[in-house]
Amino acid sequence: MQYLHTMVRVSDLDASLHFYCDLLGLKEVRRKENDKGRFTLVFLAAPFDEARSTRLTAPELELTYNWDPEEYTGGRNFGHLAYRVDDIYALCQKLQDNGVTINRPPRDGHMAFVKSPDGISVELLQKGDALSPQEPWASMENTGSW
């Protein structure tokens, strides 16, 4: 398993970049604009981690800016932790066998979401290419939120 990023939703991207980059000293390493989804993702790395971030896309802080105004309450501004895993199906099966709900099953062989006992969302991403879809995951519905 490899730590990838922590996602934080921000309401003012410019103010957030000023805080994280200009004041704290993090570096913007990449940005993704999604017109259809109406959001911007900005990935930041600490100066010490910048080369590793460029090479491995980790470890990073992901700032998520939703273009349509949204008020974040109940901790919703903190998004999720993300980890790259060797076998997403095996890990999801292990988690499920131990009573963990798979909130967003790995239907695509690439991504799943679960929650910690404290309700923190954890994103699991398949290392390398997505695995071929397989049951029971391919037809499993989402459960709850993540």
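Values reported hereafter were calculated over all heavy atoms of this structure, with side chains retained and with hydrogens, waters and symmetry mates removed.
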Query - Intermediate values then yes/no, side-chain hydrogen bond (donor to acceptor under 3.5 Å, both in side chains), Glu141 and Thr143 - result: CA-CA 6 Å; Glu141 295 292 323; Thr143 302; over 6 Å; no
Quick one: [atom1] on [X] to [atom2] on [Y], what's the gap to the nearest 0.5 Å?
X: Phe39; Y: Lys36; atom1: CZ; atom2: NZ; answer: 11.0 Å
X: Glu33; Y: Thr40; atom1: CD; atom2: OG1; answer: 3.5 Å
X: Leu124; Y: Leu95; atom1: CG; atom2: CG; answer: 6.5 Å
X: Asp87; Y: Leu131; atom1: CG; atom2: CG; answer: 5.5 Å
X: Lys94; Y: Cys92; atom1: NZ; atom2: SG; answer: 12.0 Å
X: Asp49; Y: Lys27; atom1: CG; atom2: NZ; answer: 13.0 Å

**Report entry** Heavy-atom closest contact (Pro59 atom, Ser53 atom, distance)
**Finding:**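 Here Pro59 and Ser53 meet closest at O-CB, 4.2 Å.
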Query raised in the report: Minimum heavy-atom separation for Met140 to Arg107, with atom names?
Result: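 Shortest heavy-atom contact: O-NH1, 2.9 Å.
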Query raised in the report: Relative to each other, are the rings of Trp137 and Tyr89 parallel, tilted or perpendicular (30° and 60° limits)?
Result: parallel
Query raised in the report: Taking it one step at a time, do Thr57 and Arg84 satisfy side-chain hydrogen bond (donor to acceptor under 3.5 Å, both in side chains)?
Result: CA-CA 10 Å; Thr57 65; Arg84 184 174 292 130; 3.2 Å; yes
Do [X] and [Y] have side chains that approach each other closer than 4.5 Å (heavy atoms only, starting at C-beta)?
X: Val42; Y: Val29; result: no
X: Met111; Y: Gln126; result: no
X: Thr6; Y: Glu60; result: no
X: Leu125; Y: Glu123; result: yes
X: Asn142; Y: Asn103; result: no
X: Arg31; Y: Leu13; result: yes
X: Thr101; Y: Val114; result: no
X: Leu41; Y: Leu63; result: no

Report task. Take Met7 and Leu61 through the test side-chain contact (heavy atoms from CB on, under 4.5 Å) and record every step on the way to the result. Result -> CA-CA 6 Å; Met7 185 270 265; Leu61 174 63; over 6 Å; no
Query raised in the report: Which pairs, with at least one residue in residues 126-135 and sequence neighbours excluded, count as a salt bridge (Lys or Arg N to Asp or Glu O under 4.0 Å)?
Result: Asp86-Lys127
Requested in this report: Dump the intermediate steps for side-chain contact (heavy atoms from CB on, under 4.5 Å) on Leu24 and Phe19, then the final yes or no.
Outcome: CA-CA 6 Å; Leu24 285 182; Phe19 173 77; 3.5 Å; yes
Query raised in the report: Would Tyr83 and Tyr3 satisfy ring-ring contact (aromatic ring centres under 6.0 Å, His included), going step by step from the backbone distance to the final call?
Result: CA-CA 5 Å; Tyr83 293 93; Tyr3 173 77; 5.7 Å; yes
**Report entry** Shared hydrophobic cluster for Phe43 and Leu56 (ILVMFWY, side-chain gaps under 4.5 Å)
**Finding:** no
Query raised in the report: Hey, any chance Phe48 and Tyr20 share a hydrophobic cluster, counting ILVMFWY side chains that come within less than 4.5 Å of each other, even indirectly?
Result: no
Query raised in the report: Should Ile88 and His110 be marked as a side-chain contact (heavy atoms from CB on, under 4.5 Å) after you check the CA-CA gap, both sets of side-chain angles, and the distance that decides it?
Result: CA-CA 7 Å; Ile88 197 164; His110 174 68; over 6 Å; no
**Report entry** Residues in side chain to side chain donor-acceptor pair (under 3.5 Å) contact with His18, at least two apart in sequence or another chain
**Finding:** Asp22
Query - Verdict with reasoning, Leu4 to Leu81, per side-chain contact (heavy atoms from CB on, under 4.5 Å) - result: CA-CA 8 Å; Leu4 297 178; Leu81 300 174; over 6 Å; no
**Report entry** Any donor-acceptor N/O pair, Thr54 side chain to Glu50 backbone, under 3.5 Å
**Finding:**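 Yes; judged by distance alone, with no hydrogens or angles, the pair exists.
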Query raised in the report: Does Ser116 use its side chain to pair, donor to acceptor, with the backbone of Ile120 at less than 3.5 Å?
Result: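 Checking the backbone N and O of Ile120 against the side chain of Ser116, a donor-acceptor pair under 3.5 Å is found.
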Report task. Applying side-chain contact (heavy atoms from CB on, under 4.5 Å), name anything that partners Ser121, two or more places apart in sequence or on another chain. Result -> His80, Phe113, Lys115, Trp146
